[in-house]
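Below: one structure, written as structure tokens.
Residues take their numbers from the sequence shown, with the count starting at 1.
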Amino acid sequence: MNELHSEADNIENLAQCIMAAFKENSIDAGKVLHYQELYPYLQERYPKYKDVQKEAEHHLAKLAWVTPAPDGLMLTQVGYNNLDQNK
């Protein structure tokens, strides 16, 4: 995934990368993608993820696609349906 210069573009691209991690790890609605699984995925595909990680997670939460969990991100039914539609 290309890293763009605009912070808004970086947030959106990282959010898409996070959702791709849910899909690749076959996470179902209501299940948590743990940070210990997410971080290596992001490091490989979006090395500067730490710059906009909190903003990307907040963006996904506003869309109701994920909910913060103590040790990761929980995929909501809305987020799962979005992944299912974009197969």
Side-chain angles (χ1 to χ4, degrees):
M1 197 160 280
N2 292 334
E3 294 178 49
L4 305 175
H5 297 288
S6 163
E7 184 170 342
D9 288 339
N10 279 330
I11 291 168
E12 180 61 34
N13 288 335
L14 180 57
Q16 290 175 14
C17 193
I18 291 170
M19 294 306 290
F22 278 104
K23 191 172 194 173
E24 186 167 304
N25 286 287
S26 301
I27 304 294
D28 290 325
K31 302 295 182 190
V32 174
L33 177 58
H34 299 278
Y35 286 125
Q36 66 188 22
E37 298 165 338
L38 178 60
Y39 289 158
Y41 182 91
L42 296 179
Q43 182 63 42
E44 183 178 315
R45 289 164 181 80
Y46 210 91
K48 294 189 176 190
Y49 71 91
K50 292 178 184 177
D51 295 344
V52 292
Q53 176 190 348
K54 290 197 183 302
E55 293 88 345
E57 289 179 11
H58 182 70
H59 173 67
L60 291 172
K62 282 179 29 180
L63 293 171
W65 290 1
V66 302
T67 301
D71 56 349
L73 297 171
M74 183 180 75
L75 185 64
T76 66
Q77 187 65 49
V78 174
Y80 181 80
N81 291 346
N82 178 65
L83 288 177
D84 196 39
Q85 290 174 354
N86 293 318
K87 281 188 176 177

For the atom pair CG (Leu73) and CE (Met19), what is the distance rounded to the nearest 0.5 Å?
9.5 Å

To the nearest 0.5 Å, how far apart are CD1 in Ile18 and OH in Tyr41?
10.5 Å

Ring pair (Phe, Tyr, Trp, His ring centres under 6.0 Å) filter on Tyr35, not counting sequence neighbours, yields Tyr39

Residues Ala56 and Ala15: closest non-hydrogen pair is CB-N, 3.9 Å

For a quick test of reading the model, state the closest non-hydrogen atom pair linking Leu14 to Tyr49 and the distance between them.
CD2-O, 3.4 Å

Point-to-point distance, once rounded to the nearest 0.5 Å, from NZ of Lys31 to OH of Tyr80:
12.0 Å

Which heavy atom in Val78 sits nearest to a heavy atom in Ala64, and how many Å separate them?
CB-O, 3.4 Å

Do you reckon Leu63 sits in the same ILVMFWY cluster as Phe22, going by side-chain contacts under 4.5 Å, direct or chained?
yes

Only one of Lys50, Glu57, Glu55 forms a side-chain hydrogen bond (donor to acceptor under 3.5 Å, both in side chains) with Gln53, so which one is it?
Glu57

Could you note down all residue pairs passing ring-ring contact (aromatic ring centres under 6.0 Å, His included) where residues 53-72 supplies at least one of them, sequence neighbours left out?
none

Which value, rounded to the nearest 0.5 Å, describes the distance between Asp84 atom CG and Lys23 atom NZ?
8.0 Å

Set out, in order, the CA-CA distance, both residues' side-chain angles and the distance that settles side-chain contact (heavy atoms from CB on, under 4.5 Å) for Leu33 and Asn25, then state yes or no.
CA-CA 8 Å; Leu33 177 58; Asn25 286 287; 3.9 Å; yes

Could you give the distance from CG (Leu60) to CD (Gln16), rounded to the nearest 0.5 Å?
9.5 Å

According to side chain to side chain contact (heavy atoms under 4.5 Å, CB included), who are the partners of His34, at least two apart in sequence or on a separate chain?
Val32, Gln36, Glu37, Asp71

In this structure, CD of Gln77 is separated from CG of Asn82 (nearest 0.5 Å) by 11.5 Å

Between Val66 and Met74, is there shared hydrophobic-cluster membership here, with clusters defined by ILVMFWY side-chain heavy atoms closer than 4.5 Å?
no

